There are 2 protein chains.
Amino acid sequence: MELDERKLKILQAVVRNYLETGEPVGSRTISKYTDLNLSSATIRNEMADLEELGYILQPHTSAGRIPSDKGYRLYVDHMMAEKEKEVQEIKEMLLKKEEKMDQLLKQTARLLANDTNYAAMVSAPMVRGNKVKFVQLSRVDETQLVAVVVAEGNLIRNNMISVSRPVDDETLLKLNILLNTSLNGLSLSEINLGMIANLKAQAGAHEAIVSEVIDAVAATIGEEEDLEIYTSGAKNIFKYPELSDNQKASEIINAFEEKNTLHSLVHQTLTNEESTGIQVYIGDESPVSTMKDCSVVTATYDLGEGMKGTIGIIGPKRMDYEKVVDTMKSIMKQLDQVYK
Amino acid sequence: MELDERKLKILQAVVRNYLETGEPVGSRTISKYTDLNLSSATIRNEMADLEELGYILQPHTSAGRIPSDKGYRLYVDHMMAEKEKEVQEIKEMLLKKEEKMDQLLKQTARLLANDTNYAAMVSAPMVRGNKVKFVQLSRVDETQLVAVVVAEGNLIRNNMISVSRPVDDETLLKLNILLNTSLNGLSLSEINLGMIANLKAQAGAHEAIVSEVIDAVAATIGEEEDLEIYTSGAKNIFKYPELSDNQKASEIINAFEEKNTLHSLVHQTLTNEESTGIQVYIGDESPVSTMKDCSVVTATYDLGEGMKGTIGIIGPKRMDYEKVVDTMKSIMKQLDQVYK
DNA sequence: TATTAGCACTCAACTCATTCGAGTGCTAAT
DNA sequence: ATTAGCACTCGAATGAGTTGAGTGCTAATA
């Protein structure tokens, strides 16, 4: 048995209807809802087939049908109409270019959540591959230095360095020159242990203090990315009864608060990137088990200069996929342009 | 009618019992629970009095009694036993002094939440009154400068400054000297508009570029504190049925995600500080209406050098106040010592 | 042969009455 | 002043009955 045109239409109707109402949908409804002009009986026969094929299922014997994960998948892959939708507010919002990156991302998350009525997340861009533009070491007082590193994309990192013995002006100057000439133009990931050893050698091993400082600078530069993630609209999950029983809500909320789960999502998305850049995980397909009752839509944005990040929407399986994908596309377009 | 010794004991028993079970507590229970050796009938009479006095109330005619806000208040103020409790893990945790402040605070929040089974928040310390130790302006490339400001407590702020025309070395040097001599030792809040105007005058008004740079530095220094708040254990509210219906849970979760509400809490706490430093808000007493069905316990920690922050616990009214206050005291002690 | 009308059947959800029991207030006895 | 005892209240749990949306199957129809 194969999926003919009519079965597809019926499946589509089931999905659409279920997305709207959240209730299992019966044969009579479909019979009226579609333009097929078939009686409910015929629809029933077709639906029995669709169930056998695994595209829809019955929550209990005398209920209507709801789409299975497989059914959603088919819908998402082949049956979503392309809609041109205005997301005016987003443009207005993003185009006024919040000066602070974190503000911008937070704002973006809030926007995504408000616009879709699902929970949203936005990861800060990862800067792997970013190149060092500027390094400076300055003395704050007798025993403390501050190291400032500026990378492409105007990413600034700094660190206080405590030294056991004061560093004199001349040494400081030498160090600055050394650091700048050696590190400039290198990407953060290129600065590895060998590099550091090399630097130390150049600085002269007899100066223990220099070694100490270089270690600190290396730590500053190589500092483990802690991948900030901004979330918004967690409360939206309460709008969908199928997610808001205590057990499930608790899990999802927790995932949103302790961000680890979301980290996996981000990594998954970044490594997994497809042509369109938008990925849809339905139920069990999701890379994180906490989300097995949800659908997750993620996408990658690209600020240029190797700075890539992820935005995502988490909602019920009966998510309005078209709207979400639309919104995400629109936001990505805006984000991509922010720093052009 | 006054509260005699016996009424107090009964009230205490009601509160204790309700804290444990979350169920309205009846006269018979009390009669057995306490060492008063009174029959349930007597207890009933006393409870009727207590109800009239407003310390307890009945959810419905034939149910037991639960403490009113007023009852909780009396309990918290006068009847909590001082317990010496070990919070060993906390010591171990905090004493190993996470190098990064934000890691430490996040960890603290997580600890509070885990230890108490309520939702926890920790605000980053506010630095009002903190003094500038060091200011430096460096050139990154032709059109971009980076301003670095270090304040007491080794709080570092920095900002990129784009200039329309390149700044030459000499000007940069002059600016650095000017900035350091004028700003050093001032508290961040002392650097106001007048101060800035003064600086500009000294820099010489004919140099438009200088003015531009000073504005940017001022912005860096005076940068609006955005008061980072770390939260943990939001999921814990699902453990208490009286908070986990959709409506309430949604509100609380939202307050935890969009941090504004918590900001009010922090400000309230910092201005309102009492002798003990620990404040308990029960139900409607809470400064934020979102928390009207909860109890909120807050406290102030002090890292010295004018750096103060807030920790807080949000849970149901039937919160184990003794444990919470204990835990908070312990954590505060640890926090206070971290930077001594 | 594909479609449909019709019918018996299923089952969650709702209603309604009943029971149960924890709790109360009151009164009379101690 | 305390208590035993009793009638009373009322939410919660139970269970029977009803409803209605939905199904599968079969026989009639186009």
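From a predicted model like this one, the values you see are computed outputs, not experimental measurements. Lettering follows sequence order; numbering is per chain, from 1.
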Closest to side chain of [X], choosing from [options]:
X: L38(B); options: dG5(D), dT3(D), dG22(D); answer: dT3(D)
X: T29(B); options: dT4(C), dG24(D), dG23(C); answer: dG23(C)
X: M47(B); options: dA4(D), dT4(C), dT24(C); answer: dT24(C)
X: H60(A); options: dG6(C), dC11(C), dT3(D); answer: dC11(C)
X: T61(B); options: dT23(D), dT9(D), dC6(D); answer: dT9(D)

Does [N] have OP1 or OP2 under 4.0 Å away from a side-chain N or O of [X]?
X: R65(A); N: dG24(D); answer: yes
X: R28(B); N: dG21(C); answer: no
X: R6(B); N: dT2(D); answer: yes

Legend entry - No-hydrogen, no-angle side-chain donor-acceptor test under 3.5 Å, Y75(A) and E322(A): yes
Inset, instruction - State whether a side-chain donor-acceptor pair under 3.5 Å links Y281(A) with Q279(A). - result: yes
Inset, instruction - Could you tell me whether T42(B) contacts a base, only the sugar-phosphate backbone, or nothing, with contacts defined as non-hydrogen atoms closer than 4.0 Å? - result: base
Legend entry - Between NZ on residue K7(A) and CG on residue N45(A), distance to nearest 0.5 Å: 9.5 Å
Inset, instruction - Look at the side chain of S62(B) and the base of dT9(D), then say whether one donor and one acceptor between them are separated by less than 3.5 Å. - result: yes
Legend entry - Spacing between I43(B) atom CD1 and dT3(D) atom C1', to the nearest angstrom: 12 Å
